[in-house]
Protein chains: 2
Amino acid sequence: MVVTGTSRAALAYLKALYALEEESPRSGARGRLGTARRVTTSAIAERLAVSAPSATNMLKRLAARDLVSYEPYKGASLTRKGRAVALEIVRHHRLLETYLVEALGVPWEEAHAEAEALESNLSESVEERMFAALGRPRFDPHGHSIPTRNGAMPKTSRRSLWDVSDGEAVLVAQVPDSHSDALRYLAEVGVLPGVRVTIESRGPVGGPLFVRVEDNEDAPVALSKEITEAIWVH
Amino acid sequence: MVVTGTSRAALAYLKALYALEEESPRSGARGRLGTARRVTTSAIAERLAVSAPSATNMLKRLAARDLVSYEPYKGASLTRKGRAVALEIVRHHRLLETYLVEALGVPWEEAHAEAEALESNLSESVEERMFAALGRPRFDPHGHSIPTRNGAMPKTSRRSLWDVSDGEAVLVAQVPDSHSDALRYLAEVGVLPGVRVTIESRGPVGGPLFVRVEDNEDAPVALSKEITEAIWVH
DNA sequence: TTCTTGATTTAGACAGGACTAATACTGCTC
DNA sequence: GAGCAGTATTAGTCCTGTCTAAATCAAGAA
């Protein structure tokens, strides 16, 4: 496995970097066409709940190992090698989440934290067995796609629920995996991957979205801007 | 969980200490009746493949946290608190081994290493789910008993196969969990927990034991002194 | 009782990671 | 182009854990 010899802490940085690169096109306009999007030191520090100097320090070390490309004051991005490692651990994480939920009945909203604890010590061999036991799943319980073992990451929709217009019906593709409170709520009101929802109306600027869930005759559910921005649909 | 706040490395020391205390009555004659058996620094160092100074260093720190009682030049032993932590991680380990073998089909001889990688990050909640999924097992695949969640460790037979006299038939209680080569061999010849075996004869002093396995018409299998000392029977 | 030897411990370093305080850079504003 | 605000980096510490080399202890041999 590519991951061997990389510490838990280093893996956390690579994973955070991967996630932030994935998210970045949402805020910055450009950054497509293969241009590696640079992630700022502070974004990483914040994501990992670590001080900025700690992040600088680790980025330099990861750069020395050719896992990230880092230029002082200009942020960092994953190298090809770093991306491979990150994808391996993302695969571990999502497969574990799926396994925990499907095979062991761990609640949806706890799966992320449990998987995070175990992911860095999962061997390829056990991973492969879980993968097989689950029937070679392509998505985790939150609808995120699971990278293949050779590091290919299926493309997914990037349209957020927030951007859907009133009256339009869409299919929920994925919801965030952390934020257990939000997840608990989503599970309660039935906003899950694969479910069809319709935007009923929206509150004043930045206000909540009122969403009708298919097969549910109750009143539409109110979802905040934050959460709907993190829900992707198609 | 008791374990929280204890690093992976520290847990390894506690586990090793626990194992060595369990083994010690075999070589030293006394040490029963609640007398805490002291384990030497070098025994721990050797077990963990670490230098003696490293062991001294860690023992002192564990002593400062009241997990072991340590007296310079006199060795160390687990305190009540340290034993509780050790038992928790032994439970994690054995439950994981069982789960990996039973639920995921991991080969017998690989289970130990895989479980070791995962044990220190297993939450109580996931552990409990595995325990339930397995039907609340009392023994791991190598026949070691699994401590209860509140830290009770069922007593087991301590008679080794090496000490059985010629012609006597005994039931294999447990085999070692590491040493994958030996385990592979034992699985091959059918010397597994729960199997009845008979000592057929033994080689010259310290030589191999020839053992007949029940329901097996083949020639008796030869087992070295080392391995038969580590197999417990009743 | 003294000596020798082998096990232990002390001393001193080092690598990984993280923190705070102080300094330097970047980019935007005027 | 100069000044400023905010972001990043350097400096200097600390804590874990590990190592090697050097000093020390404990116990059996003489």
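Quick note on labels: first sequence line is chain A, next is B, and so on, each numbered from 1.
The ring-ring contact (aromatic ring centres under 6.0 Å, His included) search around A:W162 returns none, not counting sequence neighbours. Under the rule for a side chain to side chain donor-acceptor pair (under 3.5 Å), A:T228 has no partner lying at least two apart in sequence or in another chain. The salt bridge (charged side-chain N to carboxylate O under 4.0 Å, His left out) check on B:E102 picks up nothing, with sequence neighbours excluded.
A salt bridge links B:E23 to B:R47: at least one charged side-chain nitrogen sits closer than 4.0 Å to a carboxylate oxygen. Salt bridge A:K15/A:E116: present, at least one basic N to carboxylate O contact under 4.0 Å. Between B:R158 and B:E22 there is a salt bridge, since at least one side-chain N of the basic residue sits less than 4.0 Å from a carboxylate O of the acidic one. The pair A:R91-A:E119 does not meet the salt-bridge criterion, since no charged nitrogen lies less than 4.0 angstrom from a carboxylate oxygen.
Between A:S51 and C:dC19 there is a side-chain polar atom (N or O) within less than 4.0 angstrom of OP1 or OP2. OP1 and OP2 of D:dT7 both lie 4.0 Å or more from every side-chain N or O belonging to A:T40. Side-chain nitrogen and oxygen atoms of B:T41 include at least one within less than 4.0 Å of the OP1 or OP2 phosphate oxygen of C:dT9.
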Taking only nitrogen or oxygen atoms into account, show me every contact under 3.5 Å that the protein makes with nucleotides 27-29 of chain C, one pair per line with its distance.
none

Detail all sub-3.5 Å separations between protein N/O atoms and N/O atoms belonging to nucleotides 10-13 of chain C.
| unit_1 | atom_1 | unit_2 | atom_2 | d |
| --- | --- | --- | --- | --- |
| C:dT10 | OP2 | B:K60 | NZ | 2.5 |

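Contact annotation: the side chain of A:H112 never approaches that of A:H179 to less than 4.5 Å [non-hydrogen atoms, C-beta and beyond].
Projected onto DNA chain C by closest heavy-atom contact, B:L59 and A:R61 fall at different nucleotides, the more 5' of which corresponds to B:L59.
If you check D:dC25, D:dT18, D:dT9 against the side chain of B:A9, the one that comes closest is D:dT18. The side chain of B:Y73 sits closest to C:dT9 out of D:dT7, C:dT9, C:dA18.
Atom CD of B:E46 is separated from atom P of C:dT8 by 11 Å (rounded to the nearest Å). The distance from atom CZ of A:R38 to atom P of D:dT7 is 19 Å, rounded to the nearest whole Å. As rounded to whole Å, 14 Å separates atom P of D:dT16 from atom CG of B:L11. We find that CD of A:E71 is positioned 14 Å from C1' of C:dT26, with the value rounded to whole Å. Atom CG of A:L67 and atom P of C:dG16 are 13 Å apart (whole Å). The CD1 atom of A:I44 sits 10 Å away from the P atom of D:dT9 (whole-angstrom rounding).
Base contact: A:S54 has a heavy atom under 4.0 Å from a base atom. Within 4.0 Å of B:A52, counting heavy atoms only, lies at least one base atom of the nucleic acid.
The ring pair (Phe, Tyr, Trp, His ring centres under 6.0 Å) pairs that include a residue from residues 42-73 of chain B number zero, where partners must be two or more places apart or lie in different chains.
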